[in-house]
Amino acid sequence: MKQEMIIVLDFGGQYNQLIARRVRECHVYCEVHPYTLELDKIREMEPKGIIFTGGPNSVYLEESPHIDPDIFNMNIPILGICYGSQLIAYTLGGQVATAPVSEYGKTQVSVDQSSILFNNVEATTDCWMSHTDYIAKAPEGFCVTAHTPVCPVAAMECPERKLYATQFHPEVMHTVEGIKMLRGFIYDVCGCQGNWKMDSFASQAIQSLREKIGTGKVLCALSGGVDSSVAAVLLSKAVGKQLTCVFVDHGLLRKNEGDEVEAVFGPNGPYELNFIRVNAQDRFYAKLARVEEPEEKRKIIGAEFIHVFEEEAKKIGAVDFLVQGTIYPDVIESGLGKSAVIKSHHNVGGLPDCVEFKEIVEPLRLLFKDEVRKVGLELGIPEHLVFRQPFPGPGLGIRIVGEVTAEKVRIVQEADFIYRDEIGKAGIDMELGQYFAALTNMRSVGVMGDFRTYDYAVVLRSVETSDFMTAEAAQIPWEVLQRVMNRIVNEVKGVNRVFYDLTSKPPGTIEFE
């Protein structure tokens with residue numbers, strides 16, 4: 001049986017991969033492609049439906065992304081979201097203009113419950129808006145199915161042509177009933193059965209890697225985090241001794257983490273890997289000296305990673321492939337296609353121009369974090385590794401605001417260790433999407449005993465999230481925060497204040513830099 005698929009056409013918004021994530025939650029396979037994907041290619045793929053994403057442009061400007069109008073004559077259901085909704089309206093003869101009142105954030109939307117998208121939705125429901133333009137007039141043949149006091153066309157549809165559009169974002173968690181709306185499109189409009197499951201990913205990925213790599217030698221960037229660990233085990237099962245895993249201890253890891261990684265993946269561990277540990281702390285600290293700008297730090301760390309791998313590759317002989325644990329959120333935030341760049345990831349945007357490998361292989365590139373964990377469990381990786389706290393490739397380099405020094409690394413390592421320890425003791429670690437301590441570049445006056453101090457402030461971060469594309473600050477019990485604060489101030493030399501970050505994503509990011 002041919003696999004059902006929904007295609008997401010990317011017009012440059014920041015929630016594009018999240019749309020794919022939500023479709024997969026409905027057990028339908030989904031791929032993201034640039035809006036320039038040729039119609040003949042779309043026909044060959046035989047999608048059950050197409051979703052147009054949001055984007056930062058004004059559709060009525062000539063330089064903005066547009067679409068071949070013939071796509072509306074292919075008899076494939078289409079859902080337009082935000083910019084995508086405006087694109088449908090504009091292309092088919094409606095009117096799009098600058099809105100008299102812009103809408104940003106959670107907004108109450110009144111919906112027509114007779115619409116196939118809204119028949120299981122409350123008549124008034126909270127949705128996430130993010131637009132400056134709006135549809136002033138729906139195209140001929142469309143009926144308006146939702147509105148707000150300042151947005152006359154919050155949703156519209158032409159059921160006869162299987163065309164649907166929402167000005168708001170049903171894919172984000174802030175749209176309370178968004179998944180119901182998406183299921184209405186996926187199942188009731190597109191007629192999907194929901195036959196895609198993650199449990200087939202690992203076996204398919206292993207077979208694909210065997211075919212791609214053949215007899216080639218493989219070098220895997222192993223950090224010990226969830227993503228690189230799953231990628232390493234996939235490669236181990238695919239090509240065995242053709243794989244060499246290089247673990248670079250750049251001095252920016254969590255406390256004791258280097259030794260823990262070696263204990264799991266080294267020669268005494270359970271996996272059949274050629275494991276090499278490179279202690280390069282001093283090298284990275286030297287490169288980061290006097291560097292404060294976050295993007296520059298990311299690119300320096302990413303470039304130095306590659307240089308280390310190149311050196312190790314030369315030591316072991318010719319290497320054909322470099323494997324990285326890049327996942328979907330890395331890709332979107334580094335600027336997929338026309339999407340705006342939020343920050344470079346060392347796995348994606350921080351690579352130097354010249355890489356001495358035949359090809360970079362990223363077996364997890366199409367997966368979100370929770371999907372990666374499911375693959376890890378399927379591969380038999382122990383739960384304590386699979387559910388390990390996410391950790392960025394640049395490590396503590398982006399959890400230290402400003403210049404990175406060995407002393408600052410020590411401070412944030414010890415503070416983070418205390419924070420994670422107390423979260424675990426409180427039994428709330430599995431309830432949280434991510435939690436960690438970071439170091440600000442602020443120093444302030446304090447009093448300890450009879451002495452004046454002038455030390456750093458540590459900030460604690462904890463979020464609840466299912467996809468890492470959006471997140472809310474977690475409500476950690478006050479008594480837990482108090483214990484963490486007392487321990488950090490008393491046990492970590494150089495710290496006299498502890499803050500808690502209440503910022504959601506958006507507008508913030510989960511990491512600090």
Side-chain angles (χ1 to χ4, degrees), residues 6-26 30 32 35 49-59 65 78-89 96 99 101-111 115 117-118 121-122 124-135 144-148 150-157 163-186 189 328-329 332-333 336 338-340 342 368 465-472 504-509:
I6 299 287
I7 291 177
V8 174
L9 293 184
D10 177 5
F11 288 90
Q14 291 303 325
Y15 300 136
N16 302 343
Q17 310 306 322
L18 184 54
I19 298 172
R21 175 69 190 86
R22 296 298 184 231
V23 174
R24 293 182 192 183
E25 281 183 355
C26 297
C30 187
V32 180
Y35 71 91
I50 300 171
I51 300 178
F52 294 171
T53 74
N57 303 98
S58 292
V59 70
I78 296 174
L79 170 64
I81 296 174
C82 197
Y83 180 88
S85 71
Q86 297 169 10
L87 182 67
I88 292 174
V96 178
V101 180
S102 300
E103 289 179 302
Y104 293 98
K106 191 174 288 188
T107 305
Q108 283 202 326
V109 177
S110 299
V111 304
S115 167
L117 296 189
F118 306 130
V121 175
E122 294 293 328
T124 301
T125 185
D126 286 338
C127 300
W128 187 259
M129 287 283 196
S130 181
H131 67 102
T132 300
D133 293 335
Y134 77 145
I135 299 171
V144 176
T145 55
H147 67 276
T148 75
V150 297
C151 183
V153 187
M156 64 178 190
E157 63 185 49
L163 303 179
Y164 297 80
T166 64
Q167 179 61 70
F168 54 83
H169 290 269
E171 71 274 19
V172 304
M173 60 187 290
H174 306 291
T175 298
V176 176
E177 299 181 274
I179 196 67
K180 294 180 182 178
M181 303 171 193
L182 289 174
R183 287 182 65 88
F185 177 72
I186 294 165
V189 177
Y328 244 170
I332 184 62
E333 292 190 345
L336 174 68
K338 297 293 182 180
S339 301
I342 296 175
F368 288 87
T465 179
S466 61
D467 48 55
F468 291 83
M469 296 300 293
T470 61
E472 294 287 349
S504 61
K505 176 187 180 181
T509 56

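As a basis for the values below, the full set of heavy atoms in this structure was taken, side chains included, without hydrogen atoms, waters or symmetry mates.
- Classified by interplanar angle (parallel below 30°, tilted 30° to 60°, perpendicular above 60°), the ring pair Phe52/Phe11 is perpendicular.
- Side-chain contact between Arg21 and Glu171 is absent, with no heavy-atom pair separated by less than 4.5 Å.
- When every heavy atom of Gly13 is checked against every heavy atom of Thr53, the shortest pair comes out as N-OG1, 4.4 Å.
- Remark: the backbone N or O of Thr470 is paired with a side-chain donor or acceptor of Thr465 at under 3.5 angstrom.
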Between Glu157 and Phe118, is the side-chain contact (heavy atoms from CB on, under 4.5 Å) condition met? List the steps. CA-CA 11 Å; Glu157 63 185 49; Phe118 306 130; 5.5 Å; no
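- Once rounded to the nearest 0.5 Å, the distance linking CG of Leu87 with CD1 of Ile135 reads 10.0 Å.
- Exactly one of Ile186, Ile7, Leu9, Val23 qualifies for a side-chain contact (heavy atoms from CB on, under 4.5 Å) with Ile51. That residue is Val23.
- Formation of a donor-acceptor pair under 3.5 Å by the His131 side chain with backbone atoms of Asp133 is found in this model.
- Closest approach of Thr175 to Met181, counting heavy atoms only: CG2-CE, 4.3 Å.
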Output, in order, the C-alpha distance, side-chain angles, deciding distance and verdict of side-chain contact (heavy atoms from CB on, under 4.5 Å) for Thr148 and Met129. CA-CA 10 Å; Thr148 75; Met129 287 283 196; 3.8 Å; yes
Check the pair Val153 / Gln167 against side-chain contact (heavy atoms from CB on, under 4.5 Å), numbers first and verdict last. CA-CA 7 Å; Val153 187; Gln167 179 61 70; over 6 Å; no
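- Looking at heavy atoms from C-beta onward, Leu117 lies out of side-chain contact with Thr145 at the 4.5 angstrom threshold.
- Between Met173 and Arg22, the closest heavy-atom pair is N-NH2, 4.0 Å.
- When side chains are defined from C-beta on, Leu79 counts as touching Leu182, because their heavy atoms get closer than 4.5 Å.
- Between His147 and Pro152, the closest side-chain pair of non-hydrogen atoms is not below 4.5 Å.
- Side-chain atoms of Cys26 and Phe185, non-hydrogen and from C-beta on, never get closer than 4.5 Å to each other.
- Residues Ser110 and Thr124 are in side-chain contact: their nearest non-hydrogen atoms beyond the backbone lie under 4.5 Å apart.
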Evaluation steps, side-chain contact (heavy atoms from CB on, under 4.5 Å), between Val59 and Tyr83: CA-CA 7 Å; Val59 70; Tyr83 180 88; 3.8 Å; yes
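- Distance OG/Ser130 to OH/Tyr15: 6.0 Å, rounded to 0.5 Å.
- The ring-ring contact (aromatic ring centres under 6.0 Å, His included) test applied to Tyr134 returns no partner, not counting sequence neighbours.
- Here the closest heavy-atom approach between residue Ala165 and residue Ile88 is recorded as CB-CD1, 4.4 Å.
- Thr132 is linked by a side chain to side chain donor-acceptor pair (under 3.5 Å) to Tyr104, counting only residues two or more places apart in sequence or in another chain.
- If you run side-chain contact (heavy atoms from CB on, under 4.5 Å) between Ile19 and each of Asp10, Val8, Val32, Val172, only Val8 comes through.
- Atom-to-atom distance recorded for Thr107:OG1 and Trp128:CH2 is 8.5 Å, nearest 0.5 angstrom.
- The two residues Gly12 and Pro56 have their closest heavy-atom pair at O-CD, 3.5 Å.
- In this structure, the salt bridge (Lys or Arg N to Asp or Glu O under 4.0 Å) partners of Glu177, at least two apart in sequence or on a different chain, are Lys180.
- When all heavy atoms of Asp126 and Gln108 are compared, the pair lying nearest together is OD1-CG, 3.3 Å.
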